[in-house]
Amino acid sequence: MEGRVSLEFRIVLLAAWAALCFLAFPIFVAAPVSLTPERFLSFPKGEISWGHYEAFLTSDRWLASIGRSALIGAISSAVAVIVGTTAAIGLWRISSRATEYLRAMILAPMIIPPIISALAFYRLWGQLGWLDSYFGVILAHSILAMPYVVITVSASLANLDMRLEQAARGMGASMWQTVTRVIIPNIKVGIASGAIFAFIVSWDEIVVTLFIARRAVITLPRMIWDGIRDNVDPTVAVCATLLVLITILVLSIQLILPNRKLPKSNG
Amino acid sequence: MTDSVQPSPTGAAVAALRPVRSGAGRTWRSQGPYWAILSPLLIILAMFYFAPILEVLWLSFSDPELGFGNYERIVTSDAVLRVFGTTARICAATTVLAVLIGYLIAYAMMHVGPRHRTWMLAFVLIPFWISVLVRAFAWLVLLRTDGPLNDLLVSLGIVSEPLHLVRNELGVVIGMTHYMIPYAVLPILANLQGIDSRLVLAARGLGASARKSFYRVYLPLSVPGIVGAGILVFIFSLGFFVTPAILGGGKTVMVAEFVSIQIMQIAKWGMGAMIAAVLLATVVLMLVVVGRFINLKEMLGAR
């Protein structure tokens, strides 16, 4: 394996990189379309135009949907973090055969196909009068996001020595004090990544939202969905480009940050 | 599923802690409060998630009339049969392609240096970070009859007239394969990492050619990873909604979109619920099977 690179492996490697480029491909499609001078979806031939960016940035509908999605994402994430973190701590401390089964059940909203979740929410929300309301969308998104918080927080808890909790209780700390002063400070990373995952789940959610929201609660994914289905508007490409740019920005910050730490720990 | 939970690292850690915990006494007084903080999530899930799912499942037997009428449609209705057929065909094609390409990537990753591997992993993870809508949009634009790919093919003279790459099953398979490759790479990679590379060296040492040692030693050892990844990809593919709805262009309808049409457009709850029940039963059944091949807990909780 060291140094001896056969021709066959070169071909395998080349094919693997071709496949990896296939994976990265969609990143590069939206940007050129967003610069087309035409009024329909097309690649610019020769001249480019920033007109669709202007249209996007001055569109109340698009901007309002971004604000709406951010708000729904933030509240859903907060709810999921509170409920999911406390549940993860409970599961961790009790940890019996019963909780192993509960864990599997708690992951259900993540594993069950979204179309089935959508039907369930649509049915119940209809009976409760919560369709097309912020409350309904936020509750549904919170439920979908909870498994992600339970998973990330549980991963943090797995590295936490359970005797810490016993020591705190043994020395007379109440459960509230134990949780807030001993456990939570030790699992901050898990809670934070759970919050981010929960936000992304809500921010990206489309299938359930299509069912339970109509006109009053148009989220950003809903705007994109409508834009693609109507198939007329390059403004969607602007939105897609901006979303890809934000993702790249966040990921490169993430990639750069640990690199900064490395020299310190080495030298 | 419990089979797969046992060998996990967290399971081992929990097992190691067991004596300590029982020494401290597992009384209700010490655990009661923790059941209390666990309960909000359980109550929310029970009331607002599992209860309506059970109701929907019940509707498949009770709407429009009590009985198995909806389930009879599986064999009597051409529309239902066609949707099941389309779904099975697309999922099978997606699974084969995603696992093949995923194996290729995972194999290459196992045989390059650590730095190179990190870069390859970054590329594998790219699709995870981009909204499924944005990806579907990109494929739609790219593969259209008057899209850039067809323009290129025609101008190079490879084809005489534009190919129909989208708004059909081919388009759905392309979009879904793209979505599923990372889900195939990760379990295969986990499996390949567990193969003792000395076995291949031993085969070479005993006179097998590179190709023969791969086919006779390495490949058979990676079968559990291939099967696990295949089932996982197939399960995920079954419930797909967004990609087929956009790239199928209304002509290629998979089960999820069919359910949506039944409920939202013609309000046939019984029919929609029946398809949903079949989908759910298939997914749960296959998850139980896949639990025997790969560690689900690790797959779902790794990131």
Side-chain angles (χ1 to χ4, degrees), chain A residues 1 6 8-9 12-13 15-16 19-20 22-24 26-27 29-30 33 41 43 83-84 86-87 89-91 93-95 100 104 106-107 109 111-116 119-124 139 143 146 151 155 158 162-163 166 175 204 206-207 221 224-225 228 236 240 243-244 247 251, chain B residues 1-2 5 10 13-14 17 20-21 24 31 33-35 37-38 40-41 44-45 48-49 52-53 55-56 101 104-105 107-108 111 120 123-124 126-127 129-131 133-135 137-142 148 178 181 210 238-239 241-242 246 256 259-260 263 272 276 279-280 283 287 300-301:
Chain A
M1 260 139 249
S6 66
E8 272 171 338
F9 184 67
V12 168
L13 195 59
L20 291 172
F22 169 71
L23 288 182
I27 292 182
V29 175
V33 177
L41 286 181
F43 276 67
V83 180
T86 53
I89 293 173
L91 286 170
R93 182 58 187 79
I94 298 163
S95 182
E100 285 301 322
I106 287 170
L107 297 186
I111 297 164
I112 290 177
I115 184 72
I116 294 172
L119 277 195
F121 289 129
Y122 181 59
R123 184 79 188 171
L124 185 60
L139 182 57
I143 290 173
M146 282 171 194
I151 286 175
M162 203 171 287
R163 284 169 300 189
Q166 285 158 358
M175 191 182 106
D204 261 356
I206 177 67
V207 182
I224 302 175
W225 172 269
I228 297 176
V236 178
L243 285 177
V244 168
T247 311
L251 285 185
Chain B
M1 246 191 274
T2 44
V5 168
T10 39
V14 169
L17 279 167
V20 179
R21 204 154 20 81
Q31 290 198 343
Y34 289 96
W35 278 106
I37 60 172
L38 171 57
L41 185 140
I44 291 175
L45 275 186
F48 300 118
Y49 192 71
I53 283 186
E55 198 202 336
V56 167
I101 299 172
L104 183 74
I105 294 173
Y107 181 85
H111 296 88
M120 294 181 86
F123 269 72
V124 168
I126 283 176
W129 294 102
I130 297 171
S131 155
L133 280 169
V134 171
R135 278 181 271 165
F137 171 75
W139 287 118
L140 185 66
V141 173
L142 202 67
H178 178 262
I181 288 173
L238 283 174
F241 180 81
V242 173
I246 290 173
V259 169
S260 159
I263 306 288
L279 172 63
L280 186 60
V283 167
L287 273 174
L300 299 167

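Note on Val33(A), Ile89(A), Ile116(A), Ile27(A): by heavy-atom pairs under 4.5 Å with chain B, the leading option is Ile116(A). Contact count against chain B (heavy-atom pairs under 4.5 Å) is highest for Leu23(A) among Leu91(A), Leu139(A), Thr247(A), Leu23(A). Across Leu119(A), Leu13(A), Asp204(A), Ile206(A), the residue that shares the most heavy-atom pairs under 4.5 angstrom with chain B is Leu119(A). When Pro40(B), Ala276(B), Gly239(B) are compared by the number of non-hydrogen pairs under 4.5 Å with chain A, Ala276(B) comes out ahead. Per-residue counts of heavy-atom pairs under 4.5 Å with chain B were compared for Ala120(A), Ala240(A), Pro113(A); the largest is that of Ala120(A).
Residues passing the side chain to side chain donor-acceptor pair (under 3.5 Å) test with Glu55(B) are Arg123(A), Gln127(A), sequence neighbours excluded. Residues meeting the side chain to side chain donor-acceptor pair (under 3.5 Å) test with Tyr107(B), sequence neighbours left out: none.
Heavy atoms of Val242(B) lying under 4.5 Å from chain A belong to its backbone as well as its side chain. Contact of Trp129(B) with chain A is made through backbone and side chain together, with heavy-atom distances under 4.5 Å. With a threshold of 4.5 angstrom between heavy atoms, Leu45(B) approaches chain A through side-chain atoms but not through N, CA, C or O. Contacts of Val29(A) with chain B are made by side-chain atoms alone, with heavy-atom separations under 4.5 Å and no backbone atom involved. Both the backbone and the side chain of Val124(B) come within less than 4.5 Å of a heavy atom of chain A.
Ile37(B) places none of its side-chain heavy atoms less than 4.5 Å from the side chain of Arg93(A). In this structure, Phe137(B) and Val236(A) have side chains that are in contact, with non-hydrogen atoms separated by less than 4.5 Å. Counting heavy atoms from C-beta outward, Ile246(B) and Trp225(A) have side chains that approach closer than 4.5 Å. Here the side chains of Phe43(A) and Val141(B) are in contact, with some heavy-atom distance below 4.5 Å. For the pair Val12(A)/His111(B), no side-chain contact is recorded, criterion being any heavy-atom separation below 4.5 Å from C-beta on. Put simply, the side chain of Phe121(A) does not reach to within 4.5 Å of the side chain of Pro52(B), judged on heavy atoms.
Contact record, Ile126(B) with Ala24(A): CD1-CB, 3.9 Å, taken as the closest heavy-atom pair. Pairing each heavy atom of Ala19(A) with each of Ile101(B), the nearest pair is CB-CG2, 3.4 Å.
Taking CZ from Phe241(B) and CD1 from Ile115(A), the interatomic distance works out to 5.0 Å, rounded to the nearest 0.5 Å. Here the straight-line distance linking atom CD1 of Ile53(B) with atom CG of Leu124(A) works out to 11.0 Å at 0.5 Å rounding.
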Given Ile112(A) and Val283(B), is the side chain to side chain contact (heavy atoms under 4.5 Å, CB included) satisfied, shown in steps? CA-CA 8 Å; Ile112(A) 290 177; Val283(B) 167; over 6 Å; no
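Aromatic ring pairs are classed by plane angle as parallel below 30°, tilted from 30° to 60° and perpendicular above 60°; the pair His178(B) and Phe22(A) is perpendicular.
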